[in-house]
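These notes are about the structure you will find just below.
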Amino acid sequence: MHKHTFFCRMTAFLLTLALAASLALPGLAVYEMPIQTANEAESVYLFNLDSGKPILEQNAGQARYIASLTKMMTALLFLESGKDLNEEITIPASLTQEFKDIQNANGSTMNLRIGETVRRIDLLYGLLVASANDAASVIASDVSGGDLPAFVARMNERAKELGCTNTSFTCVHGLYDYGNVSTAEDLAKIAAACYANETYMQAANTLAYTLPATNLHQKERQITSTNLMLNPEYAYYRDYIRGMKTGFTTLAGRCYVTFAVKDGHTYGLVVLGSDLDNIYKECSEILDWAFASFSDRELVDTETALTTVPLTKCRTEEAVELYAAQPVSGYGHADDKVTYAFSVPESVSATVRPDTVVGQATVYLDGYEVGTVDLVTHREYVSNFRTDIKTTFFLLAALIVILIVLGFVTMVAGGGSLNLGRRRRNARRR
């Protein structure tokens with residue numbers, strides 16, 4: 001396996017693992033849908049890719065037809081195969097019937113022909129830009145050595161590896177609905193793996209692509225993306241859109257998977273079962289809401305005591321107040337609650353000096369870990385021993401002063417009595 005392929009697979013694994021783990025976490029908030037979808041039966045799943053946190057869910061676990069969203073997995077396996085994308089291949093005669101079936105189903109194509117010699121990279125762009133079904137079949141044949149059922153079996157294996165539990169692929173392109181199903185949640189995991197692949201995203205973000213001339217096409221041809229949200233002239237264009245894949249069949253309805261990146265934050269969105277009049281409108285409204293409703297903000301300051309620890313050997317104070325050593329910020333909704341998990345000793349003994357690190361706090365926003373910060377004291381807590389020593393020295397010093405004063409008074413008083421006696425004796429002599 002190529003190093004680049006291994007890296008992409010590891011990145012995809014980590015992203016999908018985080019996403020799968022977040023789906024298993026109990027009791028975490030999923031927010032109220034900010035829009036009313038045109039069809040209540042639509043599946044919607046919005047998640048924060050950075051944390052894996054689910055944001056919006058509507059029928060997200062319902063198995064349904066997914067049309068050309070199937071091609072995400074076809075492209076992923078193609079890229080993970082390690083095939084040289086710049087190499088040319090010749091389309092085999094074994095795909096003759098497959099091409100006829102695609103044509104009979106009125107499937108979109110890039111007009112590939114049996115015996116045509118094409119570059120693999122052009123097949124990838126045809127698959128993801130124009131959603132060409134014939135490109136999917138050629139890719140699957142190339143990777144599997146001409147065995148399309150074997151490629152489909154690998155699609156299902158890879159889905160399980162990514163944590164999908166309600167996905168069943170029966171074809172390589174999604175043109176045939178029956179049995180070819182998934183859920184919005186499962187497709188989010190597949191999409192996260194695709195998003196981690198740089199080559200996939202370069203193709204998926206391409207608005208227009210020029211196919212070079214081949215042995216059976218004498219002139220260059222241009223294909224344009226089926227993803228209208230990439231088009232600056234479209235009403236629902238958004239500059240934050242990143243790929244990912246569109247799909248449509250009569251039974252599946254309009255389907256769309258995309259990612260959105262803005263101000264360093266990334267969301268993934270899956271919508272299934274919509275219609276052409278509403279799907280991009282709904283997606284733009286959902287993503288606009290997400291970026292407007294979530295923001296970076298300070299969660300923990302350094303001036304508010306977070307917790308206390310019992311204090312021993314100090315009569316004047318029962319506990320030590322602990323503060324964050326530095327501020328902690330996080331990204332979330334204004335209604336998200338901040339909670340903590342503390343790692344502190346059962347008690348501390350005085351004397352405790354200012355800025356002493358006593359423990360740590362793990363900060364959570366809506367149940368998701370944001371970070372860990374040291375807990376420190378802000379002032380000194382003096383021990384009984386130090387207090388008693390100070391008191392003893394003070395009393396001793398006071399006693400010494402008193403004794404000195406008494407001695408001085410006594411001395412002065414004694415001197416006065418002596419002088420009085422002398423005066424009396426002198427008076428008698430006279």
Side-chain angles (χ1 to χ4, degrees), residues 11 13-32 34 45-57 163 185 188-189 192 195-196 259-269 287 289-311 317-349 352-381:
T11 304
F13 172 76
L14 294 173
L15 287 173
T16 51
L17 182 64
L19 182 57
S22 72
L23 293 175
L25 292 173
L28 298 177
V30 175
Y31 304 88
E32 184 178 351
Y45 186 68
L46 176 71
F47 62 99
N48 184 307
L49 182 67
D50 307 312
S51 64
K53 178 181 178 178
I55 305 297
L56 300 176
E57 292 184 8
E185 288 180 349
K189 297 171 187 176
Y195 186 84
F259 283 83
V261 180
K262 186 176 181 181
D263 298 329
H265 301 287
T266 305
Y267 289 97
L269 175 61
L287 291 169
W289 167 85
F291 286 120
S293 301
F294 292 75
S295 61
D296 291 295
R297 70 179 195 271
E298 186 175 83
L299 307 178
V300 178
D301 61 45
T302 60
E303 301 302 320
T304 304
L306 296 184
T307 188
T308 60
V309 173
L311 180 64
E317 302 283 350
E318 295 183 352
V320 174
E321 291 184 335
L322 299 180
Y323 301 78
Q326 59 269 336
V328 177
S329 297
Y331 181 77
H333 194 275
D335 295 334
D336 289 345
K337 292 183 178 180
V338 180
T339 56
Y340 311 93
F342 298 109
S343 176
V344 295
E346 292 184 2
S347 63
V348 292
S349 299
V352 181
R353 299 190 179 280
D355 298 319
T356 299
V357 177
V358 178
Q360 289 185 322
T362 301
V363 184
Y364 298 87
L365 183 60
D366 193 40
Y368 286 80
E369 183 176 338
V370 175
T372 301
V373 63
D374 285 338
L375 294 172
V376 298
T377 57
H378 272 193
R379 63 184 183 86
E380 187 176 44
Y381 296 83

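Fair warning: this is a prediction, and the values are worked out from it, not measured in the lab.
Within the 4.5 Å cutoff, side-chain heavy atoms of Val320 are placed close to those of Leu311. Side-chain contact between Leu49 and Tyr195 is present, with heavy atoms from C-beta onward closer than 4.5 Å. Counting heavy atoms from C-beta outward, Phe294 and Ile55 have side chains that approach closer than 4.5 Å. Counting heavy atoms from C-beta outward, Ser329 and Asp296 have side chains that stay 4.5 Å or more apart.
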- prompt: Given the rule in the side-chain contact (heavy atoms from CB on, under 4.5 Å) test, do Leu306 and Leu322 qualify, once you have shown the distances and angles that lead to the verdict?
  reply: CA-CA 6 Å; Leu306 296 184; Leu322 299 180; 5.9 Å; no
- prompt: Yes or no on side-chain contact (heavy atoms from CB on, under 4.5 Å) for Asp366 and Asp335, after CA distance, side-chain angles and deciding distance?
  reply: CA-CA 9 Å; Asp366 193 40; Asp335 295 334; over 6 Å; no
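Considering every non-hydrogen atom in both Tyr368 and Pro54, the closest pair reads OH-CD, 3.1 Å. In plain terms, the two heavy atoms of Leu46 and Ala290 that are nearest each other are CD2-CB, 4.1 Å. Of all heavy-atom pairs spanning Lys189 and Gly163, the tightest one is NZ-O, 2.8 Å. Of all non-hydrogen atoms in Val344 and Gly359, the two that sit nearest each other are CG1-CA, 4.1 Å. Taking both residues in full, the closest heavy atoms of Val309 and Pro345 are given as CG1-O, 3.5 Å, listed atom of the first, atom of the second, then distance. Closest non-hydrogen pair, Tyr31 versus Lys53, comes out as OH-NZ, 2.7 Å.
To the nearest 0.5 angstrom, Glu380 atom CD is 9.0 Å from Thr356 atom OG1. Distance check, rounded to the nearest 0.5 Å: NZ of Lys337 to CG of Leu299 gives 15.0 Å. Rounding to the nearest 0.5 angstrom, the gap separating the OG1 atom in Thr339 from the OH atom in Tyr364 is 7.5 Å.
Between His265 and Tyr331, the angle of the ring planes stays under 30°, which puts this pair in the parallel group of the 30/60° scheme.
Annotation: Glu298, atom CD; neighbour count of heavy atoms from other residues, nucleotides and ligands within 6.0 Å is above 12.
Distance alone, capped at 3.5 Å, is enough to place a donor-acceptor pair between the Arg297 side chain and the His333 backbone.
Partners of Pro34 by side chain to side chain contact (heavy atoms under 4.5 Å, CB included), not counting sequence neighbours, listed by chain and number: Leu56, Trp289. Here Gln326 pairs with Val373 under the side chain to side chain contact (heavy atoms under 4.5 Å, CB included) rule; sequence neighbours left out. Every residue two or more places apart in sequence or in another chain that forms a salt bridge (charged side-chain N to carboxylate O under 4.0 Å, His left out) with Arg379 is listed here: Glu317.
Considering Tyr45, Phe47, Phe259, Phe291 as possible partners of Tyr267, the one that fulfils the ring pair (Phe, Tyr, Trp, His ring centres under 6.0 Å) test is Phe291.
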